[in-house]
Protein chains: 2
Amino acid sequence: MNFSGNIGSLGKKWGNAVAHHVGEDIRSLRKTRAMTLAQLAGAAGRSVGWLSQVERGRTTPSVRDLEQLADLLDVNISFFFRSSRRAPEEQGLVLRAADRPTIGSDETGLVEELLSPTLSGSFEMIRSVFAPGASSGDPRKARPTEDGGVLISGALTMWIGETEVHLSPGDSFQFAGAPYAWRNDGSEPAVVIWVVSPPIY
Amino acid sequence: MNFSGNIGSLGKKWGNAVAHHVGEDIRSLRKTRAMTLAQLAGAAGRSVGWLSQVERGRTTPSVRDLEQLADLLDVNISFFFRSSRRAPEEQGLVLRAADRPTIGSDETGLVEELLSPTLSGSFEMIRSVFAPGASSGDPRKARPTEDGGVLISGALTMWIGETEVHLSPGDSFQFAGAPYAWRNDGSEPAVVIWVVSPPIY
DNA sequence: AAATGAAAAAATCATTAGATTTTTCATTTT
DNA sequence: AAAATGAAAAATCTAATGATTTTTTCATTT
């Protein structure tokens with residue numbers, strides 16, 4: 001099935017591509033939050049059938065509805081349009097540096113940007129920047145995920161399970177389901193490419 | 001069960017830690033290659049019980065046997081000792097930049113180094129450096145894996161499925177089971193942090 | 001064209017039995 | 001003393017089944 005067509009003076013491909021990507025995002029976000037169509041639709045005051053159609057791009061939600069869904073899924077509505085200025089065929093495949101959404105905790109001293117262009121993958125990639133002097137505080141409770149990363153620049157101390165490690169640029173780590181904490185004792189930001197599987201967003 | 005003890009003038013922890021890590025590596029490599037104990041043990045001319053014990057660090061293979069196994073598993077024997085100079089508690093958790101083994105294809109113009117400190121994870125991280133002017137040739141046959149990556153520096157053109165994309169530093173990509181090809185048209189090496197799930201080594 | 005509600009279809013989940021793979025361990029070998 | 005074997009025991013994996021839940025479809029209404 002191909003719902004795309006050529007519309008517009010420059011021959012740019014359109015169609016319901018945007019609605020389609022928005023729908024996929026909603027579905028992936030809903031799944032990672034372990035909600036059913038009935039739960040999310042109920043919370044949004046809409047029917048199950050409607051949400052099913054929205055998620056598959058068969059119908060277009062109103063902006064009001066989308067706002068509501070974004071709220072329930074705990075993302076900003078702009079999240080759904082992060083790649084909308086790019087060529088349709090690269091959406092969901094590539095995420096440009098300029099389009100990366102900020103995600104996750106508002107923990108001071110940590111900025112996390114999503115690198116994964118698709119939310120439907122089996123892992124997510126994140127670019128984390130740890131500010132000089134910042135730290136995570138107490139070890140985080142272990143999540144049922146597997147984490148890994150590479151330190152690109154700066155320096156970072158991590159506590160993973162019982163172990164304290166001092167990371168230098170190029171050092172990498174990987175662990176499953178262990179509580180961890182971090183602190184940046186250096187004078188420059190520490191940049192880590194982080195991988196989480198399965199994704200949590 | 002704890003087989004570790006304090007031996008040595010500096011109180012450094014030892015025990016059968018090395019044998020244990022070697023065994024885990026053998027097991028993981030065997031699994032990614034979809035071999036049973038019987039198949040690998042048979043090919044190595046040893047019994048199933050023996051290999052089971054080696055993989056769990058209950059017995060120590062001879063260097064001759066380990067060489068044989070490395071050969072059958074298509075890694076260099078030094079691979080098993082990549083982190084052996086590090087503190088035991090960080091082995092399998094952290095891989096230092098200086099210890100990264102070179103892996104995979106000897107495709108000209110591509111150097112791949114393993115970033116994952118453990119082989120038993122659900123994904124593997126790789127640092128790939130694409131030489132200026134180099135290319136992959138024809139699209140690779142799709143593997144039953146999911147791939148993702150971030151371009152750290154340089155420039156890279158990729159063909160993923162039907163789509164051609166020009167990547168700049170900071171751009172990221174992710175795709176599942178699609179054939180892909182690449183070419184570095186720039187004048188400097190292109191460095192990519194690459195993720196593959198499940199791991200293939 | 002969006003939205004609903006209910007029927008139909010599809011996907012998911014829990015069991016279970018059978019087959020395969022791995023671990024254990026008493027014994028033999030080096 | 002530790003490595004190695006071989007066979008019994010345990011654990012894991014597979015495939016099939018039926019029940020349950022979830023999702024899709026579609027005729028009808030807004």
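Letters A, B, ... are given to chains in the order of the sequence lines, protein chains preceding strands, and every chain is numbered from 1.
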Could you check whether B:Tyr180 and B:Trp194 have their ring centres less than 6.0 Å apart?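 Centroid distance B:Trp194-B:Tyr180: below 6.0 Å, so yes.
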
Within less than 4.0 Å of OP1 or OP2 of C:dA2, is there a side-chain N or O belonging to A:Thr60? yes

Using only side-chain N and O atoms of B:Thr36, determine if any of them is under 4.0 Å from OP1 or OP2 of C:dT21. no

Report the nucleotide, chosen from [options], that has the shortest atom-to-atom distance to any side-chain atom of [X].
X	options	value
B:Ser47	D:dT24, D:dA3, D:dA4	D:dA4
A:Arg27	D:dT23, C:dT22, C:dA3	D:dT23
B:Arg56	C:dT4, C:dT24, D:dT5	C:dT24

Complement of [N], any strand, by Watson-Crick or G-U distances under 3.5 angstrom:
N	answer
D:dA1	C:dT30
D:dA16	C:dT15
D:dT29	C:dA2
D:dT24	C:dA7

Keeping B:Glu112 on the side-chain end and B:Ser128 on the backbone end, is there a donor-acceptor pair under 3.5 Å? no

Heavy-atom donor-acceptor pair, B:Asp25 side chain to B:Leu29 backbone, under 3.5 Å: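 Pair absent, no side-chain N/O of B:Asp25 close to backbone of B:Leu29.
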
With A:Asp171 as partner, the option from B:Arg96, B:Arg86, B:Arg100 fulfilling salt bridge (Lys or Arg N to Asp or Glu O under 4.0 Å) is B:Arg96

Starting at [atom1] of [X] and ending at [atom2] of [N], how long is that distance when rounded to a whole Å?
X	N	atom1	atom2	answer
A:Arg33	D:dT22	CZ	C1'	20 Å
A:Leu66	C:dA2	CG	C1'	15 Å
A:Leu37	C:dT4	CG	P	13 Å
A:Glu55	D:dT22	CD	P	14 Å
A:Arg46	C:dA1	CZ	C1'	14 Å
A:Leu51	C:dG5	CG	C1'	15 Å
A:Leu40	D:dT23	CG	P	10 Å
B:Arg58	D:dA1	CZ	P	19 Å

Assuming nearest nucleotide by heavy-atom distance, tell me which of A:Gly45 and B:Ser52 is located more 5' along DNA chain C.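 Counting from the 5' end, the first nearest nucleotide belongs to A:Gly45.
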
For A:Lys31 and A:Gln53, take the nucleotide of DNA chain D holding the closest heavy atom to each; which residue's nucleotide lies nearer the 5' end? A:Lys31

DNA chain D: A:Arg30 or B:Asp65, which has the more 5' nearest nucleotide?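 The residue mapped nearer the 5' terminus is B:Asp65.
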
Neighbour count above 12 (heavy atom, 6.0 Å) for B:Asp185 CG: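 More than 12 within 6.0 Å, yes.
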
